[in-house]
Protein chains: 2
Amino acid sequence: MKKRLNKELVIRLIKYRRILNQLKSLGFERVFSNNLGDAIGVAPALVRKDFSLLFLGGNKRGGYNIDYLSEKLDAILGKAQNQKIIIMGMGKIGTALAQYKGFVQGGFEVAAGFDIDVSLPREVSIPVLPPEKMQDFVRENNIRVAVLTVPEDSAALCVKMLKEAGIQGILNFTPVEIKSTPTCFVHNINIAVEIENLFFQVIKNGAPPEDWETELPDEEGIWEEEEAENS
Amino acid sequence: MKKRLNKELVIRLIKYRRILNQLKSLGFERVFSNNLGDAIGVAPALVRKDFSLLFLGGNKRGGYNIDYLSEKLDAILGKAQNQKIIIMGMGKIGTALAQYKGFVQGGFEVAAGFDIDVSLPREVSIPVLPPEKMQDFVRENNIRVAVLTVPEDSAALCVKMLKEAGIQGILNFTPVEIKSTPTCFVHNINIAVEIENLFFQVIKNGAPPEDWETELPDEEGIWEEEEAENS
DNA sequence: ATTATATTGTGAAATACGGAACAACAAATG
DNA sequence: CATTTGTTGTTCCGTATTTCACAATATAAT
Ligand SMILES: NC(=O)c1ccc[n+]([C@@H]2O[C@H](COP(=O)([O-])OP(=O)(O)OC[C@H]3O[C@@H](n4cnc5c(N)ncnc54)[C@H](O)[C@@H]3O)[C@@H](O)[C@H]2O)c1
Ligand SMILES: NC(=O)c1ccc[n+]([C@@H]2O[C@H](COP(=O)([O-])OP(=O)(O)OC[C@H]3O[C@@H](n4cnc5c(N)ncnc54)[C@H](O)[C@@H]3O)[C@@H](O)[C@H]2O)c1
């Protein structure tokens with residue numbers, strides 16, 4: 001049976017798994033939909049719906065079995081076993097990511113970084129190589145996912161290189177909006193835009209949780225003269 | 001007239017504005033919906049719908065006037081004029097953000113960083129202060145937005161402190177899922193989860209653009225025994 | 001054993017959202 | 001001036017997703 005797993009659902013599943021692993025290491029055995037909902041910030045009903053959709057059953061009173069759920073989620077999401085990523089652009093952000101120790105918990109690690117300037121001192125435990133070596137490295141180590149942290153100007157070129165090397169997933173921190181293709185899935189994180197968004201939410205008032213009511217000019221009124229000016 | 005601006009729409013508006021400013025500095029005067037759509041990765045029809053919703057008019061043949069649009073977007077989004085943010089947790093990521101020069105283009109800058117360890121050498125041009133000084137700093141400088149880059153363990157405490165200081169917007173890089181409240185809007189960025197998502201998209205095949213078909217067990221078959229095991 | 005209680009599972013309703021299509025119309029062309 | 005062309009503005013539509021509400025039911029309590 002085929003099911004469509006949309007992106008938001010996948011993200012939730014990954015978060016469920018993460019929480020379940022934490023609970024497991026704390027010795028818990030069962031969990032309720034409202035616990036999981038609280039932990040990842042969604043309504044309990046949605047948690048149940050998600051599991052129901054995947055045929056993951058719980059107990060009418062005792063909640064869900066953590067081992068069972070986590071096992072099933074691994075089967076659905078693909079158990080992250082020794083997976084490796086590379087970082088293209090070992091500048092400020094790239095280096096910070098390379099030094100981060102929290103990725104192991106997610107079942108993956110950074111295998112190497114690439115930069116046009118290999119000579120800079122960087123306190124990282126991974127090799128930092130010139131971009132020319134990227135393609136061979138990717139093929140020899142079967143790398144499929146890359147993080148892109150080069151300057152904006154180099155983004156397009158680097159994406160081209162990564163795709164040619166066979167990279168199938170890119171996490172892009174560059175302000176350039178990179179589009180996914182059938183062979184390469186791209187997720188863009190634009191930190192500056194996120195902060196501008198915070199300013200908007202805040203400026204417009206006391207920052208609501210989801211959306212907001214904004215005062216807009218009427219069609220008549222200010223708008224009319226503006227339209228004249230615009231034409 | 002009140003309009004609901006949903007989150008995705010606001011993000012698009014911010015991106016439009018960003019592109020418009022770039023085009024303006026290149027000397028362009030007019031732009032078409034498909035140009036903007038390409039630039040931010042959405043369909044042209046959606047661009048027109050967005051502008052239509054906001055009563056931003058174009059010319060039936062000559063497209064949209066860039067100056068006009070960018071002016072109106074500033075009015076709607078709030079012109080980011082000398083806005084300031086703080087960074088709580090000047091470790092690897094926090095320091096990288098503090099050193100980033102690209103924020104000025106978005107109309108804001110980092111005013112200060114806070115860390116329990118002020119003695120570490122950090123090559124940043126902003127002051128790095130102990131957390132005790134945060135509340136006064138926020139009030140004196142009228143800071144409303146903060147970035148949270150402390151260790152996971154300290155996240156909840158720091159959120160509490162930030163809220164008490166009057167912070168109304170938080171960009172959270174911590175793996176802890178922080179919930180928005182009526183007085184404080186939070187956006188969570190979980191890099192590890194995003195990378196796990198890339199692995200999922202990639203593992204399941206050649207990485208499709210939006211969603212994916214996943215093989216799931218039937219209700220009968222494997223599932224039955226699993227349900228027994230689960231109960 | 002019976003009753004009470006808490007929690008799941010799910011169908012239906014509500015919403016939100018984006019896409020396609022096309023009429024309206026301004027500009028260009030001849 | 002008439003015609004062609006290209007782009008906007010808007011309506012309609014389908015679909016995806018979330019919430020609501022409550023029946024079903026497993027466990028706990030007495
Ligand atoms: N640092 C931040 O806080 C921050 C915030 C938001 C967005 N960004 C974006 O992230 C990207 C990286 O930012 P940063 O601050 O780390 O910049 P950075 O200048 O510190 O690092 C960029 C690195 O990429 C290397 N590089 C340049 N061209 C390259 C190429 N063709 N191939 C491989 N490596 C190349 C440079 O040598 C440098 O080490 C930028 O696009 C920036 O806009 C950064
Ligand atoms: N570095 C990464 O690439 C990365 C990636 C994903 C997520 N994160 C998350 O971002 C956060 C920061 O990561 P990092 O790598 O920069 O960690 P880090 O340890 O380098 O930095 C954390 C900083 O916070 C300071 N700190 C600790 N407790 C504090 C408190 N109560 N108040 C103020 N400051 C305090 C520490 O002194 C340290 O300087 C972590 O939660 C991490 O999980 C980081």
Side-chain angles (χ1 to χ4, degrees), chain A residues 2-13 15-16 28-38 40-66 68-69 72 179-180 208-213 219 223 226-231, chain B residues 3-13 15-16 28-38 40-66 68-69 72 208-214 219 223 226-231:
Chain A
K2 294 274 189 179
K3 272 284 172 188
R4 236 190 181 66
L5 298 194
N6 92 17
K7 181 155 184 291
E8 285 309 307
L9 172 56
V10 172
I11 296 283
R12 286 199 299 274
L13 296 180
K15 289 180 178 174
Y16 294 143
F28 284 79
E29 291 189 350
R30 317 198 133 265
V31 66
F32 301 130
S33 60
N34 66 347
N35 304 138
L36 284 172
D38 286 348
I40 80 161
V42 302
L46 184 52
V47 176
R48 297 199 295 275
K49 220 209 199 110
D50 286 345
F51 291 161
S52 163
L53 186 72
L54 300 168
F55 306 118
L56 303 179
N59 272 36
K60 277 287 160 65
R61 189 140 176 200
Y64 297 88
N65 179 310
I66 291 180
Y68 168 79
L69 271 191
K72 284 301 168 192
K179 281 166 266 304
S180 290
E210 281 311 320
D211 40 37
W212 191 242
E213 311 250 334
E219 281 171 279
W223 228 241
E226 303 289 335
E227 278 187 353
E229 159 191 312
N230 174 42
S231 66
Chain B
K3 271 287 173 188
R4 235 190 180 66
L5 298 193
N6 93 14
K7 180 152 186 291
E8 285 309 305
L9 172 56
V10 173
I11 296 284
R12 287 198 299 274
L13 296 180
K15 289 180 178 174
Y16 295 143
F28 285 79
E29 289 188 353
R30 316 199 133 265
V31 66
F32 300 130
S33 59
N34 64 347
N35 304 138
L36 285 173
D38 287 348
I40 80 161
V42 302
L46 184 53
V47 177
R48 297 199 295 276
K49 189 120 80 141
D50 286 346
F51 292 161
S52 164
L53 186 72
L54 301 168
F55 306 117
L56 303 179
N59 271 38
K60 278 288 162 64
R61 187 133 179 207
Y64 297 89
N65 179 310
I66 291 179
Y68 169 78
L69 271 192
K72 283 303 168 190
E210 281 313 319
D211 40 36
W212 192 241
E213 311 250 337
T214 303
E219 281 172 279
W223 229 242
E226 303 289 335
E227 276 185 354
E229 157 189 318
N230 174 42
S231 68

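Per chain, numbering begins at 1; letters A, B, ... match sequence-line order. Note: hydrogens, waters and symmetry copies are ignored here, and every other heavy atom, side chains too, is used. As the structure is a computational prediction, the values presented were derived from the model and not from experiment.
- The CG-P distance, from Leu69(A) to dT8(C), rounds to 11 Å in whole Å.
- The side chain of Asn59(B) lies closest to dA26(C), out of dA21(D), dA26(C), dT19(D).
- As a whole-Å value, the separation of Phe32(A) CZ from dA28(D) C1' is 12 Å.
- For Lys49(B), there are no salt bridge (Lys or Arg N to Asp or Glu O under 4.0 Å) partners two or more places apart in sequence or in a different chain.
- We find that CG of Leu56(B) is positioned 12 Å from P of dT10(D), with the value rounded to whole Å.
- Between the CG atom of Leu46(A) and the P atom of dA16(D) there is a distance of 16 Å, rounded to whole Å.
- Rounding to whole angstrom units, CZ of residue Arg48(A) and P of dG11(C) are separated by 14 Å.
- Set against dA16(C), dG19(C), dA21(C), the side chain of Ala43(B) has dG19(C) as its closest nucleotide.
- To the nearest 0.5 Å, atom CZ of residue Arg48(A) and atom CZ of residue Phe32(A) are 12.0 Å apart.
- Residue Arg30(A) places none of its side-chain N or O atoms closer than 4.0 Å to OP1 or OP2 of dA6(C).
- Annotation: salt bridge (Lys or Arg N to Asp or Glu O under 4.0 Å) contacts of Arg12(A) (sequence neighbours excluded): Asp50(A).
- Checked by atom type and distance alone, the side chain of Lys15(B) never pairs as donor or acceptor with a backbone atom of Leu36(B) at under 3.5 Å.
- When the C1' atom of dC17(C) is taken as reference, atom CG of Leu13(B) falls 15 Å away, rounded to whole Å.
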Q.
Run the side-chain contact (heavy atoms from CB on, under 4.5 Å) test on Leu69(B) and Phe51(B) for me, step by step, so that the C-alpha distance in whole Å, both residues' side-chain angles and the decisive distance to 0.1 Å come before the verdict.
A. CA-CA 9 Å; Leu69(B) 271 192; Phe51(B) 292 161; 3.5 Å; yes
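- Computed from coordinates, the Asn65(A) CG to dT8(C) P distance equals 13 Å when rounded to whole Å.
- Mapped onto DNA chain D by nearest heavy atom, Asp50(A) and Gly62(A) fall at different nucleotides, with Asp50(A) at the one closer to the 5' end.
- Residues Lys60(A) and Ala45(A) both approach DNA chain C. Their nearest nucleotides, taken by heavy-atom distance, put Lys60(A) toward the 5′ side.
- In this entry the distance linking CZ of Phe51(A) with C1' of dT18(D) reads 16 Å, nearest Å.
- Contact annotation: Tyr64(A) does not reach the phosphate of dA26(D) (side-chain N/O to OP1 or OP2, under 4.0 Å).
- Residue side chain Arg61(A) does not reach the base of dA26(D) through any donor-acceptor N/O pair under 3.5 Å, judged by distance alone.
- In this model, the phosphate group of dT7(D) is not approached by any side-chain N or O of Asn34(B) to a distance below 4.0 Å at OP1 or OP2.
- For a distance-only test at 3.5 Å, the side chain of Lys49(A) fails to qualify as a donor-acceptor partner of the base of dT18(D).
- The shortest distance between the side-chain N/O atoms of Ser33(B) and the OP1/OP2 oxygens of dT8(D) is below 4.0 Å.
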